[in-house]
Amino acid sequence: MARGCLVLAVALWGSSFIALKLAFQELSPMWVIFGRMALGSVVFLLAWRWRGQIDYRAGDWKYLLGLAACEPCLYFIFEALALQRTSASQAGMITALLPLLVAVGAFLLLRERISRTTLAGFLLAVLGAVWLSLAGEADEHAPAPLLGNFFEVLAMLCATGYTLLLKHLSARYSAFFLTAMQAFIGALFFLLLAAVSAAVPGEISRLGWGAVIYLGVVVTVGAYGLYNFGVSRLPANQASGFINLIPVFTLLFATVFLGERLSHGQMLAAGLVFVGVALSQWRSTPPAPVGILD
């Protein structure tokens, strides 16, 4: 169940690269991110009765605030800067670093052990993700790929902090509540940022509206909810291993919706990523259920 939720979550995140590219063609990045956060907040308010467990303890405000600061606030700033300068495939390659960053962080901060099999699976998946990106042709929408990839690395460092904080909080707070809190804080943060950095959007096409609605309702609510649920059921370093599937799904969705085609090398690399993720999960036993939705 938890692994299925994580696969679906990363599939939605993979599709978000395409939706963001489409939305950025018509709207400034900060207004796009505000739109997705605001729509997500509306959905959570309508479904607030199913908010699940909330067991606040003294001092938790620091962790909750840190969670929202890491993601969505800082993460999406760096993600927007990255996607304006590099290609989706290269950004996807950088996301493959996240599991290794989380594994190291979980070992240092959460005392989670890293088995040789898990580490081998991560390394294999990273190799596949790198191969996957290098096998793609140069993207004309990547005017400054080196700088863009640097911003994506910063986004992954934020995502590492987010994952570790999420693991710490998931025992006392439901996935619903944590995801809703991110949306509420993100909507306010990016509204203020958009208001001072870009003009109010004018005429927007149906495609532009559709991209923002998809990002706000399906990705913000669905993907983060599924991922938070999965992290609450599995060790942080195992759950983050599924992030390696993002570049695979990104290329698959690009093939379907943008008419791009996978080369033979890319297909082999995609298979290597799947093998690596499967290997990292081999013979893993999830801990007792904590912090699940009612």
Which residues pass the salt bridge (Lys or Arg N to Asp or Glu O under 4.0 Å) test with Arg116, sequence neighbours left out?
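If we apply the salt bridge (Lys or Arg N to Asp or Glu O under 4.0 Å) test to Arg116, skipping adjacent residues, there are no hits.
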Grab the two heavy atoms, one from [X] and one from [Y], that are nearest each other, plus how far apart they are.
| X | Y | answer |
| --- | --- | --- |
| Phe229 | Cys5 | CD2-SG, 3.7 Å |
| Ala19 | Ala211 | O-CB, 3.7 Å |
| Gly186 | Pro72 | CA-CG, 3.7 Å |
| Pro247 | Thr95 | CD-OG1, 3.7 Å |
| Leu98 | Met156 | CD1-O, 3.6 Å |
| Leu20 | Arg36 | CD2-NH1, 4.2 Å |

[X]: which residues meet the side-chain contact (heavy atoms from CB on, under 4.5 Å) condition with it, sequence neighbours left out?
| X | answer |
| --- | --- |
| Ala11 | Phe249 |
| Ala69 | none |
| Leu27 | Val32, Pro201, Ile204, Val212 |

Do Tyr214 and Ser16 meet the criterion of a side-chain donor-acceptor pair at a distance under 3.5 Å?
no
Check step by step if side chain to side chain donor-acceptor pair (under 3.5 Å) holds for Glu26 and Ser205.
CA-CA 8 Å; Glu26 301 188 35; Ser205 70; 2.4 Å; yes
Do the side chains of [Y] and [X] get nearer than 4.5 Å, heavy atoms only?
| X | Y | value |
| --- | --- | --- |
| Val196 | Leu192 | no |
| Leu45 | Phe184 | yes |
| Leu157 | Leu74 | no |
| Gln182 | Thr220 | no |
| Phe189 | Ile77 | yes |
| Leu215 | Ile33 | no |

Let's go through Trp48 and Phe177 carefully: what are the C-alpha distance in whole Å and the side-chain angles of both, what is the deciding distance for side-chain contact (heavy atoms from CB on, under 4.5 Å) to 0.1 Å, and is it a yes or a no?
CA-CA 9 Å; Trp48 189 247; Phe177 173 78; 3.8 Å; yes
May I have all residue pairs that pass salt bridge (Lys or Arg N to Asp or Glu O under 4.0 Å) and include part of residues 60-72, sequence neighbours excluded?
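Of all non-adjacent pairs touching residues 60-72, those that pass salt bridge (Lys or Arg N to Asp or Glu O under 4.0 Å) are Asp60-Arg172.
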Tell me whether Tyr63 at atom OH has more than 12 heavy atoms from other residues, nucleotides or ligands lying less than 6.0 Å away.
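Not buried by this count: 12 neighbours or fewer within 6.0 Å.
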Taking Arg51's backbone N and O only, do any of them form a donor-acceptor pair with Ser174's side chain (distance below 3.5 Å, no angle check)?
yes
Taking only residues at least two apart or on different chains, which pairs with a member in residues 10-39 satisfy ring-ring contact (aromatic ring centres under 6.0 Å, His included)?
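Sorted result for residues 10-39: Trp13-Tyr224, Trp13-Tyr227, Trp31-Phe34.
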